[in-house]
Amino acid sequence: HQISNSKYHTIGEDVVIIVNATGDEPLEYQWSRNNVPVNNGNSSEYIIKNLNSSSIGTYKVTVKNHAGTFTSSGINIDLLEKVQLLSSLKNKVYRLGENAKISVLATGSLLNYQWYYNNALLDGENSNILNIESFNKTHEGNYKVIVTNEISAEESNEAVLKIGTPPKFKTLKESIIKEKGHNIVLSALLSGDEPISFKWSHNNVLLQGADQIEYDIEYHNEATAGEYRLDAFNKFGSASKIYHVSVERPVEIVVQPKGSYSLLEGDQLKLSVLSTGSNIKYQWYHNNTMLEGENNQNLEILKFNQNNI
C-alpha cells in the first residue's frame, strides 16, 4: 500500500510516496506516473520534488521478485489550488412570497462555503447556492459568501435583496391648457423598481409606439385635445396617471353690462357680463380703480349710494 500526506498538495512541495511490500528478497521496484515509468523510481520510497502541474497524476508501483510480480492500486496526486471567485453577487428584487435564489461560481480545491446575512453567519448554508423560500420583509438585507480551503479564502461582494415596489406616480391627475399650435411634452414623476414599462393612450385609444415616460404633442389643436392616460407597470404592479389636455381659446365678452342706470339711493344694482374662452378670470373696476375681491362675472351693489356713482 502507498502512503502520502494528502491527495492535494501545494505547488513547489516535495511529496513522498511509500509502499510497504512483503515477499522474498530481493524485491525490485518500479514507480510509474499515468502508467509511464518514472526515472529514479526504483525503491520503496518515491519523492516527487518541487510539485507542479507536470508532475500531478496517478502513481503506481510494481514490485517483483523471483516468485512473481504485483502492481499496486493508484494514488492520485493533485495540486491544491487557491480559491478564485469567478462571479459576483447581484442585487435582486423579489415579489412578496417568491422563492429567492443567489449563487456564486468559484474554482479551487476542497472548497468550503459560508453565507452571511447582514454580517451574521447563516448556520447550515454551506454550498455555492443560497435558497430562501417565501421571501418576505424579514429577509431583506445584505448577503455575502466566504469561500475557503486549506490555503486561501475569498470573500464575495455584498448583494442587496429586497421586496420590489410597484410604480407610483407623484400626482395622479394633471390639467394642461395650451394655445393652438404649441408643442406639449407630457411627462411624470414616479417611483418604483426598474425595469418599468410604459404605454400611452388618447381618449382610450392606444398610441402605437408611445412606450416612454414622456409623450410629445408636436402641434396642439382640437384633434390632439382630450384625455391622455399614462400606464406604468413592472413585475410588482401598475399605476396610471390622467392628463386633461385642452386648447386655450382667447377671452371674448359676448354680453356687455348695460351702458347706464338711473337709481335711487338704497337701490340694489347688479352688473354682469357673459364671456367665452379658456381659463377665464374676472376683475371689476370703478372709475378705473380696481375693486379688490370682485373677481366674478357678476358685480352686486346691495345699497346704491353717492360713492357708487
[Y] backbone acceptor or donor facing [X] side chain under 3.5 Å:
X	Y	result
R249	T276	no
K162	N91	no
H244	Y228	no
Y215	S201	no
D231	S240	no
N52	S54	yes
W31	S43	yes
S109	E81	yes
W200	Q212	yes
S156	V145	yes

Original post:
Between Q30 and N42, do the side chains contain an N or O donor and an N or O acceptor separated by less than 3.5 Å?
Top reply: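 A donor-acceptor contact under 3.5 Å links the two side chains.
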
**OP:** Please determine, by modelled atom types, if Q268 and E300 share a side-chain donor-acceptor pair under 3.5 angstrom.
**Re:**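 Looking only at side-chain atoms, E300 and Q268 do form a donor-acceptor pair, the distance falling under 3.5 Å.
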
Using 0.5 Å steps for rounding, measure from the [atom1] atom of [X] to the [atom2] atom of [Y].
X	Y	atom1	atom2	answer
I176	K178	CD1	NZ	8.0 Å
I163	L96	CD1	CG	4.5 Å
N308	D267	CG	CG	11.0 Å
H286	E294	NE2	CD	12.0 Å

Original post:
Do you know which of N50, I56, I47, I48 makes side chain to side chain contact (heavy atoms under 4.5 Å, CB included) with V15?
Top reply: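 Result for side chain to side chain contact (heavy atoms under 4.5 Å, CB included) with V15: I48.
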
